[in-house]
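Step one of this worksheet: look at the structure below.
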Amino acid sequence: MTNAQIEIQLIAALVAVACALPGTFLVLRKMAMISDAISHAILPGIVLGFFITQDLNSPLLILLAALTGVITVVLVEFIQKTGLVKKDTAIGLVFPALFSIGVILISKNANDVHLDIDAVLLGELAFAPFDRLFISGTDMGPKSLWVIGTILLISVVLLFLFFKELKLSTFDKGLATTLGFSPVILHYGLMTVSSVTIVGAFDAVGAVLVVALIIAPAATAYLLTDDLKRMLLLSCLFGIIAAIAGYWMANILDASIAGSMTTVLGMLFLFVYLFSPKQGVLHGFFRERRQRVEVSLLIFLLHLQNHTEEEERHVNHLREHINWQKVRAKTVLELAAKNNLIHTSNQIISLTDKGQEFTDEALKYITTNKATAIEDLKERFFLFRG
Amino acid sequence: MNNNLPAIQIDDLTVAYDYKPVLWDIDLVIPEGVLMAIVGPNGAGKSTLIKSILGIIKPIAGTVQVFGKPYKKQVDKVAYVPQKGSVDWDFPTTALDVVMMGTYGNLGWIKRPGQKEKKVSLEALEKVGMLEFKSRQISQLSGGQQQRIFLARALVQNAEIYLMDEPFQGVDATTEKAIINILKELRQAGKTLIVVHHDLQTVPEYFDWVTFLNVKGIASGPVMEIFNDDNLTKTYGINYKVAVNQ
């Protein structure tokens with residue numbers, strides 16, 4: 001690997017982690033789309049800042065642009081509070097207006113501004129190593145590495161100091177207020193950090209893809225854990241994976257780095273969404289199917305227990321007496337037989353002793369409103385599950 | 001705790017959402033050590049009253065005093081149990097962690113909870129019968145269990161006044177009994193409890209003080225004296241007949 005390659009991956013990874021941290025809280029606060037609004041609305045701030053400073057990495061430009069981001073949030077909330085439009089509509093009204101001011105500013109001053117619309121939308125990581133920071137003649141590395149590194153450091157320190165407060169105000173705003181932790185301060189603190197981070201990442205990944213870096217790692221981590229700290233760590237991990245895998249994918253395909261990073265994030269999410277052991281779609285599908293079979297089995301056993309008369313227990317009658325539409329009778333019969341809950345003679349089905357015992361206990365739980373205990377009961381009785 | 005000061009004194013409180021008054025000129029004195037129900041029809045402003053005592057909602061007129069001082073100065077003396085539906089139970093955290101949030105007020109900014117906070121939180125979980133669920137993710141708890149977690153969280157605040165917004169909503173009979181027993185215990189320890197309550201049948205059995213509310217304050221006092229058909233009719237607008245158990 002060349003130095004430039006290492007630098008690009010390092011910048012990409014730092015950008016991803018810097019986005020993942022506020023992103024986790026935005027996702028939990030159901031404010032993911034606010035990041036979309038901020039990332040677009042900062043454009044006029046960036047252009048104006050560029051007119052003043054003539055340097056895309058100047059701290060003044062970053063603060064000016066971040067201020068535009070916070071103003072966006074204020075405007076969205078102001079419009080929403082009038083009660084005339086919903087929040088998503090307010091977001092959709094505010095950010096295109098601000099973004100288009102930025103677009104007009106760029107196109108009117110195209111000769112003076114080294115910004116083009118492509119770079120604004122998609123960013124360009126590949127050029128990051130060329131713009132270097134020199135201190136008294138010594139090469140200190142790419143400027144954007146310092147910029148995003150500083151932003152990340154500030155986020156980490158703030159997160160470390162105010163983790164408890166952020167968690168509380170995200171989970172229960174009312175309690176945060178009554179305990180004397182102002183949710184308003186925390187809210188705007190988080191919005192400021194998000195805005196500064198988005199401005200810092202803008203250069204590298206652009207206005208559209210920065211949203212993916214904020215939302216996707218957190219959304220993926222959310223599917224995998226029940227613990228906020230672990231969710232933060234996993235978000236960062238997914239960000240880093242996307243940064244490095246995305247870089248090499250872009251390298252092989254000779255394509256946009258930011259685009260590849262986002263594609264990797266999308267694939268990571270899809271993979272977890274399908275295969276997550278606890279909440280994945282496939283697991284849910286199998287669990288639901290199993291439950292359906294087992295509920296039918298229980299209905300079937302209760303039916304057998306209720307009816308001593310033979311015609312009610314005849315194999316051919318089952319279809320009429322119980323609603324088998326959703327589950328095939330054969331599946332249920334086989335499951336019951338495999339677990340030694342029933343035996344069949346002359347096409348008449350009866351409960352075995354074990355089946356009788358199981359049904360009695362299940363019935364007891366159902367009538368005393370403790371249906372959840374049936375799961376434990378199944379664990380004890382069943383050799384095979386549905 | 002204070003000699004003659006009422007736990008809560010509300011004077012001329014008016015709250016409005018967008019010019020529509022929700023509470024109108026409320027005067028209310030809640031003495032220390034009562035177990036009080038706030039009753040009234042839907043939209044009467046019961047939750048709003050609690051939220052304005054806590055400063056979550058800003059009134060457009062009037063004052064609230066907690067033991068003679070503004071709420072802001074008495075934050076550590078008041079615990080709040082919000083409606084269960086006010087939070088997102090899919091939040092990635094455990095029952096114990098939610099209870100520990102009750103200790104954050106005493107910790108103040110930046111300081112982290114430690115062993116001491118964990119210990120009192122575990123004790124509170126045991127008290128509400130939820131110790132075995134301490135590591136359970138909160139979305140995996142039943143509605144009644146979630147309500148108990150909220151109660152435990154209020155208990156660790158070790159406050160003088162407890163404000164509860166419909167703690168019996170959607171809980172089964174066992175949990176309701178468990179919660180009311182804890183409330184009665186707290187009252188015996190001299191605490192003041194203010195509960196938004198819906199089930200008029202249980203008012204005389206559970207509470208010793210009651211406030212009738214319907215945008216305006218209708219009546220407030222001991223259950224034995226004022227929980228009668230007259231006040232119920234004034235509050236709910238239809239003829240109410242209840243048998244008040246003596």
Side-chain angles (χ1 to χ4, degrees), chain A residues 24-25 27-31 80-84 157-186 189 218-235 278-279 368-373 375, chain B residues 17-18 47 50-51 53-58 71-84 86-95 97-98 100-113 117 135-140 142 150 153-154 157 159 161 163 165 172-174:
Chain A
T24 302
F25 286 98
V27 165
L28 288 175
R29 287 168 173 247
K30 304 183 178 65
M31 293 176 61
Q80 186 200 354
K81 263 190 200 135
T82 61
L84 299 174
V157 170
L158 287 174
L159 178 65
F160 189 76
L161 288 177
F162 300 111
F163 177 73
K164 171 185 101 214
E165 289 78 4
L166 271 170
K167 180 169 76 177
L168 175 63
S169 73
T170 303
F171 175 62
D172 192 341
K173 221 162 107 182
L175 185 72
T177 315
T178 61
L179 292 181
F181 302 106
S182 163
V184 179
I185 293 178
L186 290 162
T220 314
Y222 184 71
L223 295 180
L224 285 172
T225 178
D226 293 338
D227 179 276
L228 179 56
K229 278 183 195 156
R230 226 169 288 155
M231 184 174 162
L232 281 162
L233 288 175
L234 279 174
S235 300
K278 262 179 161 172
Q279 312 185 37
T368 53
N369 230 343
K370 283 184 192 145
T372 43
E375 276 307 308
Chain B
Y17 297 135
D18 301 327
S47 298
I50 283 198
K51 284 179 184 159
I53 293 173
L54 291 159
I56 297 175
I57 292 174
K58 298 266 172 282
Y71 171 75
K72 279 241 147 85
K73 298 214 165 111
Q74 305 277 39
V75 170
D76 56 333
K77 295 203 173 63
V78 184
Y80 171 44
V81 180
Q83 279 188 22
K84 216 168 62 230
S86 67
V87 304
D88 174 13
W89 290 96
D90 284 329
F91 192 84
T93 191
T94 59
D97 200 41
V98 171
M100 290 231 288
M101 288 179 189
T103 66
Y104 289 6
N106 282 329
L107 288 167
W109 288 85
I110 296 176
K111 229 180 125 199
R112 300 282 180 89
E117 283 75 22
S135 310
R136 188 74 71 88
Q137 209 275 324
I138 51 174
S139 65
Q140 309 290 319
S142 72
F150 263 5
R153 190 177 71 173
Q157 285 181 250
I161 301 172
L163 296 164
D165 204 344
D172 59 21
T174 331

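Side chains included, hydrogens not; waters and symmetry mates left out as well; all remaining heavy atoms used. Throughout, protein chains are lettered first and strands after them, A, B, ... in sequence-line order, and every chain is numbered starting at 1.
There is no contact between B:Tyr17 and chain A, counting heavy-atom distances below 4.5 Å. For a residue to count as touching a neighbouring chain, one of its non-hydrogen atoms must lie under 4.5 Å from one of that chain's; by this rule A:Phe162 touches chain B with the side chain only. For A:Leu186, the part sitting under 4.5 Å from any heavy atom of chain B is the side chain, from C-beta outward, and nothing else. For A:Tyr222, the part lying near chain B is the side chain, with the backbone staying farther off; criterion is any non-hydrogen pair under 4.5 Å. Neither the backbone nor the side chain of B:Val81 comes within less than 4.5 Å of any heavy atom in chain A. Neither the backbone nor the side chain of B:Leu163 comes within less than 4.5 Å of any heavy atom of chain A. Contact of B:Asp97 with chain A is made through the side chain alone, with heavy-atom distances under 4.5 Å.
For the atom pair CG of A:Leu161 and CZ of B:Arg112, the computed distance is 8.0 Å after rounding to the nearest 0.5 Å. For the atom pair CD (B:Gln137) and OG1 (A:Thr225), the distance works out to 9.0 Å, reported to the nearest 0.5 Å. One distance of note links CG of A:Asp227 with OG1 of B:Thr94; it measures 7.5 Å at 0.5 Å rounding. A distance of 10.0 Å separates CG of A:Leu179 from OH of B:Tyr104, quoted to the nearest 0.5 Å.
With chain B as partner, the option from A:Lys164, A:Met231, A:Lys30, A:Lys229 having the largest number of non-hydrogen pairs under 4.5 angstrom is A:Lys164. Between chain B and the residues A:Leu28, A:Leu175, A:Leu228, A:Thr177, the most heavy-atom pairs under 4.5 angstrom are made by A:Leu175. With chain A as the partner, the residue from B:Gly108, B:Ser142, B:Gly102, B:Ser139 showing the most heavy-atom pairs under 4.5 Å is B:Gly108. Of all the listed residues (B:Met101, B:Gln140, B:Lys51, B:Lys72), the one sharing the greatest number of non-hydrogen pairs under 4.5 Å with chain A is B:Met101.
A donor-acceptor distance shorter than 3.5 angstrom exists from the side chain of B:Tyr71 to the backbone of A:Thr178, with no hydrogens or angles considered.
For B:Ser86, the side chain to side chain contact (heavy atoms under 4.5 Å, CB included) criterion is met by B:Pro82, not counting sequence neighbours. With sequence neighbours excluded, the residues that form a side chain to side chain donor-acceptor pair (under 3.5 Å) with A:Thr170 are A:Arg29.
Here the side chains of A:Asp172 and B:Phe150 are in contact, with some heavy-atom distance below 4.5 Å.
Heavy atoms from other residues, nucleotides or ligands lying under 6.0 Å from CZ of A:Arg230 number 12 at most. Counting non-hydrogen atoms of neighbouring residues, nucleotides and ligands closer than 6.0 angstrom, the NZ atom of A:Lys173 reaches no more than 12 such neighbours.
Relative ring orientation between A:Phe171 and B:Phe91 is described as tilted, the plane-to-plane angle lying within the 30° to 60° band.
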